[in-house]
Number of protein chains: 4
Amino acid sequence: MAGVEQSPQTPARAKRADARRNQQKLLDAAAEVFVSSGVDAPIREIASRAGVGMGTIYRHFPTRADLVIAVFRHQVEECAEAGPRLLAEEDSPFAALRRWIGLFVDLLVTKHGLAEALHSEAEGFASLHAYFLDRLLPVAEQLLGAAVDAGEVRPGTQPYELMRGIGNLCVGGDTDPRYDPRRLIELLLRGIQAPPAA
Amino acid sequence: MAGVEQSPQTPARAKRADARRNQQKLLDAAAEVFVSSGVDAPIREIASRAGVGMGTIYRHFPTRADLVIAVFRHQVEECAEAGPRLLAEEDSPFAALRRWIGLFVDLLVTKHGLAEALHSEAEGFASLHAYFLDRLLPVAEQLLGAAVDAGEVRPGTQPYELMRGIGNLCVGGDTDPRYDPRRLIELLLRGIQAPPAA
Amino acid sequence: MAGVEQSPQTPARAKRADARRNQQKLLDAAAEVFVSSGVDAPIREIASRAGVGMGTIYRHFPTRADLVIAVFRHQVEECAEAGPRLLAEEDSPFAALRRWIGLFVDLLVTKHGLAEALHSEAEGFASLHAYFLDRLLPVAEQLLGAAVDAGEVRPGTQPYELMRGIGNLCVGGDTDPRYDPRRLIELLLRGIQAPPAA
Amino acid sequence: MAGVEQSPQTPARAKRADARRNQQKLLDAAAEVFVSSGVDAPIREIASRAGVGMGTIYRHFPTRADLVIAVFRHQVEECAEAGPRLLAEEDSPFAALRRWIGLFVDLLVTKHGLAEALHSEAEGFASLHAYFLDRLLPVAEQLLGAAVDAGEVRPGTQPYELMRGIGNLCVGGDTDPRYDPRRLIELLLRGIQAPPAA
DNA sequence: CATGAATGAGCTTTCATTCAT
DNA sequence: AATGAATGAAAGCTCATTCAT
């Protein structure tokens, strides 16, 4: 590996830059394909869209779930980070919760196939599931806890259950014109609200 | 006509009896397999579980959806028929609606795989979807309409959307101990309730 | 064979009449199906067209070739019998030969699929082939021989080869508007004619 | 670029060399299998004869007709190219036509199964048929036209019909010792010849 | 490291053929 | 005898995954 590398400058970096660019091509291609053909699309399709060999995908993402996670990691991170920020910005914890859930729903509904993948019980998506939970459930707990503490939400609401339910509601939210998950989620939020103290 | 069922004079009947018994074996086996392996299970698996050849399944149910529908038709019918009855029995339309939705949820949650099948966008399940809609949506409309008329539910609630949402919520309701769709559906119902006239 | 036959009158005959009528239904149905779907049509199709069970076909015609032969036997017989008659009727042996070949071609071209079946090398059609040969080759030999004797046809023409060739030419003669086997067969006949003695 | 074909600098080439060798194995195997089992032989059989997986065949030849065409393309090309050459070489257009038809017959008779495939009305062979027509019919038209112009062949002879007829005559020409299509084709040629001008 | 050819398991579907009724 | 349900071998085709280059 030493030696015949052509340009003397930044040989290692060059590789990395190359590899990173490759990764990005891959992620972009995968994202597109997930939209058009779902997260179960043939590996080959993703590879050819990315202009790389299938082996390259396997190298970078040994498992389909790894790829899916990688594709959505950025948005998941953004969403996770938005939690505390909203809590600080918004007037009330409940308002923050509502807006945060809006972001979460955007994530699931916009990225066609994500919601479906999340609910797929297929073997390989376990880790995708886990990743979502690890990253987002704590945020949900924090927001929900704050809202409960503020007396805006009835105690006893299970964060996991709520998130799972919202995730479920998002299935099909981007393809069926007669079905808008956001309306139902709004109902759900109304449902968890504590009755005015009066 | 009574008694001598085995008599050779009823050759056609004999056939039917046999075939019908076979159908039942098939439906039972399919139901089991749907539970253990999902509604996408290989035909072979169902066939071998039923102890019949694959051809037999194709004869009885040319399409996978035909089989799935057949497996669940009984329960769907029961559920559909319960709608008007509950409307008559219960104290209020809303109470009837709540109980009917309970039956609907039982159907989806109990029969593992049904909810998933319903949301499958796979080609062949279109008719399953259609069947559910044809049979159950009118009932939902009737109940919801009555509740709206009685001033118990806010006008503007879309029956289709509500049913779809409930269907979505049921996904995974039988496998995940931390997730009980019924609680969320109760929230949803609270959400559609009209505020007390006062 | 004596004894428990129900009605005392013509018991055996009754049966036979029934069976014969069945056979005819079968042959008619098979003929139709051969036209529409070729001689390789599923047995089931023929059975259902005839309104009988598949088993019945197997009983009457254990082999597909048996059925094909039965279907066309009548016409083959007619054709075979026409040979000597034409030899007697026509002005010259060559004229008789030409007209007889016309009948043969009609048989093959009219009955869609017959020509194809004849050339099928599929296992089961061997006996069909043999039947055609047994019945028609002698006739061809007789006619050709007479024409040779009369000095109308060059000696050395092989009856088998000629018949096979004509059979071949008939393939596709009923479906392709740009292809009329009769014209080519006329050329063939011209080709075997002996040059005028002059 | 000369010489070191094995050098690692030509990775793409290396692939191609390998794949090309594979293709050849495939074509050879297919040719053999077509002879022994006809062009409808199971893909599996061809694959195993070639010592490759079935997928490999599908990769190279998505359609059965693609494979058949590939198997015979070389000979078809040779035959097509021989047309004009013979026209230039031979003493008369008719002589050229006769020799060219000889080549055509060789092609069909030698490659057992080709003639049959050509007459198969099966769905997938349409393109094979088309290929033959596209490539060879123009040649036939040229030769026949020249012969007509030279007064050697009666006007009115249809090139398509003649070629089809010759193709038909070739069926079975390699298996039946009592049947030699070449003799009949010679008769046909005699039949289309214009009578000597007197 | 990347490539993409090759592999072959796994599924679907069709029918000839058998055989219980 | 007739029926047609049942059987299961055969084929086709698709992809995930491996691995030689």
Side-chain angles (χ1 to χ4, degrees), chain A residues 1 15 18-19 22 40-45 47-48 50-60 62-64 124, chain B residues 6-23 26 40-45 47-48 50-60 62-64 124, chain C residues 15 18-19 22 40-45 47-48 50-60 62-64 124, chain D residues 6-23 25-26 40-45 47-48 50-60 62-64 124:
Chain A
M1 221 196 247
K15 285 260 162 147
D18 205 54
N22 231 324
D40 285 325
I43 292 287
R44 188 177 255 97
E45 192 180 336
S48 84
V52 307
M54 299 168 308
T56 306
I57 294 191
Y58 277 95
R59 167 175 303 276
H60 286 298
T63 276
R64 182 184 290 271
Chain B
Q6 247 68 349
S7 91
Q9 293 135 341
T10 53
R13 302 242 166 179
K15 279 278 157 98
R16 286 230 173 120
D18 204 53
R20 200 166 288 178
R21 212 167 317 138
N22 231 320
Q23 273 232 26
L26 236 78
D40 284 325
I43 293 286
R44 257 198 191 75
E45 189 180 339
S48 84
V52 306
M54 300 168 311
T56 304
I57 293 190
Y58 279 96
R59 161 182 297 275
H60 288 294
T63 275
R64 181 182 292 272
Chain C
K15 286 261 164 148
D18 204 54
N22 231 325
D40 285 325
I43 293 285
R44 188 175 256 97
E45 190 180 337
S48 84
V52 306
M54 298 167 309
T56 306
I57 294 191
Y58 277 95
R59 168 175 303 275
H60 287 297
T63 275
R64 182 183 290 271
Chain D
Q6 247 68 349
S7 90
Q9 293 136 341
T10 52
R13 303 240 164 180
K15 279 280 157 96
R16 285 230 173 118
D18 204 53
R20 200 166 286 178
R21 212 167 315 137
N22 232 320
Q23 273 231 27
K25 262 199 307 183
L26 235 77
D40 285 324
I43 293 287
R44 264 194 186 77
E45 189 179 339
S48 84
V52 305
M54 297 170 313
T56 304
I57 294 189
Y58 279 98
R59 161 183 297 276
H60 288 293
T63 277
R64 181 183 292 272

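These numbers were taken from a predicted model, which means no experiment stands behind them. Heavy atoms only: backbone and side chains are in, while hydrogens, waters and symmetry mates are out. Letters go in sequence order (proteins before strands), and every chain restarts at 1.
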>> Once side-chain contact (heavy atoms from CB on, under 4.5 Å) is applied, do any residues pair with T63(D), and if so which ones, sequence neighbours excluded?
In response: A65(D), D66(D)

> With R44(A), which residues qualify under side-chain contact (heavy atoms from CB on, under 4.5 Å), at least two apart?
Replying inline: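 side-chain contact (heavy atoms from CB on, under 4.5 Å) list for R44(A), sorted by chain: M54(A), R59(D).
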
> What distance separates R21(B) CZ from L26(B) CG, expressed to the nearest 0.5 Å?
Replying inline: 14.0 Å

>> So, taking the atom named CD1 in I43(A) and the one named OG1 in T56(A), what distance separates them when rounded to the nearest 0.5 Å?
In response: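 Those atoms lie 11.5 Å apart.
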
Atom [atom1] of [X] to atom [atom2] of [N]: distance rounded to whole Å?
{"X": "R21(D)", "N": "dT21(F)", "atom1": "CZ", "atom2": "P", "value": "9 Å"}
{"X": "L26(B)", "N": "dA5(F)", "atom1": "CG", "atom2": "P", "value": "14 Å"}
{"X": "R59(C)", "N": "dT17(E)", "atom1": "CZ", "atom2": "C1'", "value": "14 Å"}

> Any idea which heavy atoms bring A41(C) and E45(C) closest together, and the distance?
Replying inline: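 That would be CB-OE1, 4.1 Å.
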
> Which heavy-atom pair separates R64(C) from D40(C) by the least distance, and what is that distance?
Replying inline: NH1-C, 3.4 Å

> Reckon N22(D) has a side-chain N or O less than 4.0 Å from the OP1 or OP2 of dA5(E)?
Replying inline: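 Answer no for this pair, as no side-chain N or O of N22(D) is under 4.0 Å from OP1 or OP2.
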
>> With a 4.0 Å cutoff (strictly under), does any side-chain N or O of H60(C) reach OP1 or OP2 of dA1(F)?
In response: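 Answer no for this pair, as no side-chain N or O of H60(C) is under 4.0 Å from OP1 or OP2.
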
> Quick one: stems for DNA chain E, with Watson-Crick or G-U pairs under 3.5 Å, at least three in a row?
Replying inline: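 DNA chain E stems, ordered by first number: E:2-21 with F:2-21.
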
Write down the protein N/O and nucleotide N/O pairs, taken from nucleotides 10-14 of chain F, whose separation is under 3.5 Å; answer none if there are no such pairs.
unit_1  : atom_1 : unit_2 : atom_2 : d
dG12(F) : OP1    : R64(D) : NH2    : 2.5
dG12(F) : OP2    : I43(D) : N      : 3.1
dG12(F) : N7     : R44(D) : NH1    : 3.2
dG12(F) : O6     : R44(D) : NH2    : 3.0
dC13(F) : OP2    : Y58(D) : OH     : 2.8

> Relative to the 5' end of DNA chain E, which residue comes earlier, K25(D) or T56(A), by the nucleotide with the nearest heavy atom?
Replying inline: T56(A)

